[in-house]
Amino acid sequence: MEQLIARIKGMALSPAQEWQTIAREPIELAPVFTRYVMPLAAIPAIAGFLLLAMVGFFFTGLTSMIVGYILSVVGVFVIAKIIEILAPKFGGPQDPDAALKLAVFSPTVAWVSGAAIIIPILGSIVALVGGLYSLYTLYLGVPTVMRVPQEKALTFTLAVIGVAIVVNIAVRILTGVFI
């Protein structure tokens, strides 16, 4: 738990330095998902459920929480694959471990700030700012973790975001059938 909190603080307060630490660390898929992604992805899912339950939409909130949580966890893996595939086109190596690191740790602040959505209106603004900050941390991590040249880091980041948005929209359309 101490490591989790330290990583959250690092990504929130000094992401450039935290990316340098992350770049040097080994990473394993199962442990990083069970000890980092799954607990943090649960934060906005639970907060959203609580908000909907408080206003009388218990079953809608429950369904949204479950589907949203699963999509968030799976989304990290999908984004990692997108990063891995795109990196060579921008001068970086096709490195699955580095791509996984970038996909796992860049949404940290978005997940944590997602707790604020339990507060109507203001919470959404806080969550939005956290999400935008997470995009900034993604950009900071690109040259350090993926070794994409600095002059191509912004273009690479925008490409990853663009592809991720398209994938997210497609997933939302597909899962709209189930909600």
Item to check | Evaluation steps, side-chain contact (heavy atoms from CB on, under 4.5 Å), between Y136 and V109 | outcome: CA-CA 10 Å; Y136 172 68; V109 175; over 6 Å; no
Next on the checklist: Run the side-chain contact (heavy atoms from CB on, under 4.5 Å) test on L122 and I119 for me, step by step, so that the C-alpha distance in whole Å, both residues' side-chain angles and the decisive distance to 0.1 Å come before the verdict.
Outcome noted: CA-CA 6 Å; L122 178 61; I119 304 165; 4.3 Å; yes
Next on the checklist: What verdict does the side-chain contact (heavy atoms from CB on, under 4.5 Å) test give for T60 and T63, after you've listed the backbone C-alpha separation in whole Å, the side-chain angles of each residue and the deciding distance to 0.1 Å?
Outcome noted: CA-CA 5 Å; T60 300; T63 303; 5.9 Å; no
Next on the checklist: Please evaluate residues T137 and W19 with respect to the criterion side-chain contact (heavy atoms from CB on, under 4.5 Å), reporting the C-alpha separation (whole Å), side-chain torsions for both, the decisive distance (0.1 Å), and the verdict.
Outcome noted: CA-CA 9 Å; T137 65; W19 281 124; 4.2 Å; yes
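Residues Q150 and P143 come closest through the heavy atom pair OE1-CG, 3.2 Å. Taking both residues in full, the closest heavy atoms of L29 and F77 are given as CD1-CD1, 4.3 Å, listed atom of the first, atom of the second, then distance. Listed here is the closest heavy atom pair of V126 and A116: CG1-CB, 3.6 Å. Residues A99 and A80 share a closest heavy-atom pair of CB-O, 3.2 Å. Across every non-hydrogen atom of I43 and A115, the tightest pair is CG2-CB, 3.5 Å. The heavy-atom pair separating G131 from A110 by the smallest distance is CA-CB, 3.8 Å.
Using a 4.5 Å heavy-atom threshold, the side chains of M146 and F90 count as separate. Using a 4.5 Å heavy-atom threshold, the side chains of P44 and W111 count as touching. Counting only heavy atoms from C-beta outward, the side chains of M54 and L51 approach each other to under 4.5 Å. Using a 4.5 Å heavy-atom cutoff, the side chains of V163 and I79 are not in contact. Inter-residue side-chain proximity for L4 and R35 is flagged as unmet; no heavy-atom pair is nearer than 4.5 Å. Under the 4.5 Å side-chain criterion, counting only non-hydrogen atoms from C-beta, V142 is not in contact with R147. Inter-residue side-chain proximity for I22 and E18 is flagged as met; some heavy-atom pair is nearer than 4.5 Å. Looking only at side-chain heavy atoms (C-beta outward), D95 and E84 stay at 4.5 Å or farther from each other.
One finds the CD atom of Q17 at 9.5 Å from the CG atom of L140 (value rounded to the nearest 0.5 Å). The structure places CG of L86 at 10.0 Å from CD of Q94, a figure rounded to the nearest 0.5 Å. The CG atom of D97 lies 12.5 Å from the CG atom of L102; values are rounded to the nearest 0.5 Å. Rounding to the nearest 0.5 Å places OG of S106 at 13.5 Å from NZ of K101. Between F49 atom CZ and I66 atom CD1 the span is 9.0 Å, to the nearest 0.5 Å. Rounded to the nearest 0.5 Å, atoms CD1 (I5) and CD (E2) are 7.5 Å apart.
Counting heavy atoms of neighbouring residues, nucleotides and ligands inside a 6.0 Å radius, atom CD of E151 exceeds 12 of them. Counting non-hydrogen atoms of neighbouring residues, nucleotides and ligands closer than 6.0 angstrom, the CG atom of L13 exceeds 12 such neighbours.
Criterion: ILVMFWY side-chain heavy atoms under 4.5 Å apart, direct or through other members. Under it, I125 and V112 are not part of a common hydrophobic cluster. Following chains of ILVMFWY side-chain contacts shorter than 4.5 Å, one cannot reach L52 starting from I118, and the two form parts of different hydrophobic clusters. There is no path of hydrophobic side-chain contacts, each under 4.5 Å, that joins I85 to V145. Cluster membership for V129 and I117, using ILVMFWY side-chain heavy atoms within less than 4.5 angstrom, is not shared. L50 and I121 fall into different hydrophobic clusters, where Ile, Leu, Val, Met, Phe, Trp and Tyr side chains are chained together by heavy-atom contacts under 4.5 Å.
With respect to the salt-bridge test (charged N to carboxylate O, under 4.0 angstrom), the residues E25 and R7 qualify.
Checked against the 6.0 Å centroid threshold, F156 and Y139 do not count as a close aromatic pair.
Between the side chains of S113 and Y133, not a single donor N or O lies within less than 3.5 Å of an accepting N or O.
Between the side chain of Y69 and the backbone N or O of S64, no donor-acceptor pair lies under 3.5 Å.
Screening V32, I8, L100 against F105 for a side chain to side chain contact (heavy atoms under 4.5 Å, CB included) leaves a single residue, V32.
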